[in-house]
Amino acid sequence: MKLHEYQAKGVFADAGIPVPDSTLASTVDGAVEAAEEIGYPVAIKAQVQVGGRGKAGGIELVDDATEAREAAESILGMDLKGLYVDRVLVEAAVDFTNELYVGVTMDRAEGKPVAMVSTRGGVNIEEVAAEDPDAIVREHIDPAFGLHPYQARKAVFDAGIDRDVAIDAASILTQLYELWEEKDATEIEVNPLMVTGDGEVIAADAVMNIDDDALFRQPDLAGMEEEAAEDDLEAKANEYGFDYVRLSGNTGIIGNGAGLVMTTLDLVDYYGGSPANFLDIGGGAKAERVTNALDMVFSDENVDSVVFNIFGGITRGDEVAKGINEALEQFEEIPKPVVVRLAGTNAEEGMEILNTDLVTVEKTLEEAVQRAVSYAEGGDQ
Amino acid sequence: MKLHEYQAKGVFADAGIPVPDSTLASTVDGAVEAAEEIGYPVAIKAQVQVGGRGKAGGIELVDDATEAREAAESILGMDLKGLYVDRVLVEAAVDFTNELYVGVTMDRAEGKPVAMVSTRGGVNIEEVAAEDPDAIVREHIDPAFGLHPYQARKAVFDAGIDRDVAIDAASILTQLYELWEEKDATEIEVNPLMVTGDGEVIAADAVMNIDDDALFRQPDLAGMEEEAAEDDLEAKANEYGFDYVRLSGNTGIIGNGAGLVMTTLDLVDYYGGSPANFLDIGGGAKAERVTNALDMVFSDENVDSVVFNIFGGITRGDEVAKGINEALEQFEEIPKPVVVRLAGTNAEEGMEILNTDLVTVEKTLEEAVQRAVSYAEGGDQ
Amino acid sequence: MSILVDNDTRVVVQGITGGEGKFHAGQMIEYGTNVVAGAVPGRGGQEVAGVPVYDTVDRAAREEDANASVVFVPPAFATDAIFEALDAPLDLVVAITEGVPQQDMAKVYRKLRGTDTHLIGPNCPGLITPGETKLGILPGNIFSEGNVGFVSRSGTLTYQVVDNLTQRGIGQTSAVGIGGDPIIGTDFIDVLELYEADPETEAIVMCGEIGGEDEEDAAAYIGEHMDTPVVGFIAGRTAPPGKRMGHAGAIVSGSGTGTAESKIDALNAAGVSVGDTPNQVADYVEDLL
Amino acid sequence: MSILVDNDTRVVVQGITGGEGKFHAGQMIEYGTNVVAGAVPGRGGQEVAGVPVYDTVDRAAREEDANASVVFVPPAFATDAIFEALDAPLDLVVAITEGVPQQDMAKVYRKLRGTDTHLIGPNCPGLITPGETKLGILPGNIFSEGNVGFVSRSGTLTYQVVDNLTQRGIGQTSAVGIGGDPIIGTDFIDVLELYEADPETEAIVMCGEIGGEDEEDAAAYIGEHMDTPVVGFIAGRTAPPGKRMGHAGAIVSGSGTGTAESKIDALNAAGVSVGDTPNQVADYVEDLL
């Protein structure tokens, strides 16, 4: 789960990390009012979860009410890399002399967190990492001990941060790690961490991704989740408790198990089709869950056909078949053609139950995918 | 620093560990009033920091107001193993079926905390440890990971605690460890942890010792310290910042460094005298600190002579001599004879400065101690 | 021959009184696994699926001489259960639980490195030595005895590919589902090393997926250290960056690391044929044998 | 010969810009110690006591090829300083700081066991190889070169007993103050083992005190493993139970463990003569040589 900038900054501020004054606004008038209250210059920043907002026109720096109104009008409602901007953060502009980068993420290969510091803040840090890896200092953290203060200092001094602000930057890194641990983050970064003319440091942007698997013990953050959902269908998937990702194609895909569903997507592509989504109904799904899954995929207006691919382990083919029948029998006319392939536990029982008036049954994964792709292209049912 | 029972129970209650209802009282009327409010039967418990209060008559169980008054009258003001009882805890009596022991302490040899559990609660656990070591289950704790919940469960099940209350007892052990860590305890124990007829567990007594060296980060507990001081002189030593222990003899002892001061005490005993105190002025003491030390020892009415033994490393003999002179020159008559021995850094300079009208100077530790012992026995100055 | 588990493996089921634990304890016993005990705090003395339940893993292991466990414990308690099994100590711990918080696993992994225990998972289907024993939730009937070592990050994809093999008469020495989480106890290299040392394993199938760099690391290992031929499969070629594809570990980062392309290239460079479809994987294996 | 430190020891002073750090850096240099750098965060680039200061121990060690440090850092920050030195990594860390919280030291001790570093202290006067080098606050002038290995839990008591030896012309190979805290990096046995291996150490003086069981453990070790004769001294014979005698470690528990009597008995049983007074210790040593 990714927090919005304004949410992450709220978490930072609560933890005592300095952030600029700011107000969230969803209307042009609200944005101008907030700008007047904060005092110019202010930055008006689109609240969508995508990198490179600035270059894409999602951030503007304004000096008076007229400019603020213009900026708010242009940003609110814009389409930013495919995302609709419905809120802006109006934020005091920081008069900075320097931009740093500090962050904490999980190094999967080492199985431990790693703190990162660079003097090359304010730009895409992944590009810096690619072209000049030494510009980013990495300090691995022993999860049993946490980030020792000396490690934070070592990282900032080794990165070459000016001695005047190094200790403050190290403190912020320490605070970030504490937040990382306390909030079950998987990634947390400040880019840029601005250094002002007075030698203060301030978090001018904030990224915070939370471990979905830990939301059960992060009630405050879990409450933010809904607010952060980007897409109606993804919100619906959250409700149903599905792992769901919406894509841009027209072949809907339902399956059990992440690896198998991904493989089904890949096969749709391999056979010349285009996947509309990833939808994993998980292990041991009962009839109702199957019905919900079909409802999800039918709700996506891009979808022209559906492939339902189940290899039963815990999941039983007869339960799946029952769910498919129930879901489809409620329609006068089936909204999109559905191809079903059942294998594994109780697959034969499932095949027998399936109402073949409503679905097309295929025996192998490859055949099922090819059939669904053909339907999506307008082929005969 | 040892907390009083009522203080430790306050800490326990804040942490959610069940304790009986109780009220602290310092007058007989207050105790009776508290007993009436809580409802009989109640226990009236002397608040002094010494083991075996029950056997020594410091705890009484009462069933009505008359008994409560009698008990409060007999306990308040009593001398309990040398300590004056000025407060009692009036506490709801627990109707128990079983008494357990749970605690956490530091295993110095292993350099790690150890959790302990026994079904032999309600008696002196050190006696149990001596006569039947297997009756106490010990579970070492990795300080980097803390007490894993499974370890708490393992300890209670291995100790043979009834399955009905085992999980609750394990939770309390987990909470005790969390308190141990959070409060910088060196020892924390509940003896007995009572099991009621309903299968509830409740902490009927509470021991909590805090690491003196960690009080700087435990402001709440540090605030309790004064309240817990047992002796006016020890309170004064706290103010001055001395390591001080009052003993029962009549030869006052001042020195620098714990080992050397202990050795001076031992030598007083070895030469037939009796040490009145342990007083370590620490390293690098200046004149004022020396003056304070003499003030401390002179304030002890038991003291008949003083031996001042300094082996300078960081501490400078001339500074010590100056302090001794300043302290003694303010008296018309020196309150008790003072023997001084200076060695190490600037010892010769110190010897030259010392006003030998006011003190007796000896060259070796052995001679200084023998002289002070002789003075304490009324020998010539 | 086989790796990690065989007829001598004696299993404690942690969480045997839960729905999943009970069901799969039964399934394992039916397959032939030596399930010797269950461990559930407060449930000691009961009997489930025909085996005695103990309050602690330590006691179950001591009383029943167990050397392995399978963990069916909810995510909030799973790491404590794993720590308990590590401490017993058992030789092998198989954590089926899905949804274990990442930071909890980082602590487990930290502890694990100081021990001799193999941890498989979490979020994995378990492992099987066909005809001898299975630890986990794998459907036993799709596996068959043979000479192919199988290892995969995924559960149902394992079933799909194994089924393709078995249908063609290609059996397995063992099959290990290492799990789809970002931090797992046993990675591809650990398993590849075991297969390389197993004289009966004549070829290996390795099913990876997007996310992380385990497949790239495994490719480098194969290139340098392995004689046994390996056939690969990588799921998630069509996954867009920044989106988690079900498994917590299956995510292509914004910076482009962890892509299927990089994994396939690395495997090809190490001489590993990577199938485009599960069927093609079986084709390649058939060619090797 | 000597143990732990000699003319090749190259020292970083952690906290060199503080009053104590600066003073003792000067004292050490005057004695002949190779103090090569200081380390104080934010003070890099300065010069104190004639040596360059670095922001981190790591950089000081790399730039000046240091292999040891002495820690003069206030208690609240001392364990972080020790962790920093362990991580550099240095071969030897001497922590002078008094008043380090016990739980912090438990964490340091936990980390220490996985490293090759010797940690002396905390709450110790340091160590010295007379005529070569000293790391810490020991007054150099009371020591003299010779063949007695010295080890003590106490600071000024060390001075007292060493002075008694030196006055009689009995010099020392090395002298180590291991510190008076309940948890210390190096204990009696560690030091005894080093002296036993040192061919020039002909006798050892070991000064213990009440509290803990280090002296009892050392006595057992001496009885089993040592040929070099040992003379003992135990401070705190008159200490009452339950009272902390200055040192955090010097406390006889209510249950009677850690008494002087038990320590003296154990040492006697291992063939160690224990002096009643510092003078008697010197007598016994004189008899041995």
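The chains referred to below are lettered A, B, ... by the order of the sequence lines, with proteins before strands, and numbering in each begins at 1. Please read all numbers here as calculations on a predicted model, not as lab measurements.
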Contacting region of [X] [heavy-atom separation from chain A under 4.5 Å]:
X       : value
E209(C) : side chain
A76(C)  : both
L157(C) : both
Q27(C)  : neither
Y109(C) : side chain
P101(C) : both
F233(C) : side chain
T156(C) : both
V108(C) : neither

[X] with [Y]: basic N within carboxylate O range, under 4.0 Å:
X       : Y       : result
R108(A) : D214(C) : no
K107(C) : D142(A) : no
E110(A) : R110(C) : no

* Looking only at heavy atoms, what is the nearest atom pair of E366(A) and P278(C), with distance? ->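 Heavy atoms only, the tightest pair is OE2-CD, 4.0 Å.
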* To do: Tell me yes or no: between the side chains of T238(C) and D269(A), is some donor less than 3.5 Å from an acceptor?
  =>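 Judged by distance alone, the side chains do not pair up.
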* **Rounded distance (nearest 0.5 Å) linking atom CG of N209(A) with atom CZ of R244(C)** => 12.0 Å
* Does the D266(A) side chain pair with the main chain of G236(C), one donor and one acceptor, at a distance under 3.5 Å? ->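 Pair found, side chain donor or acceptor close to backbone of G236(C).
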* To do: Go through the atoms of I125(A) and report whether side chain, backbone, both or neither lie under 4.5 Å from a heavy atom of chain C.
  =>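 Neither part.
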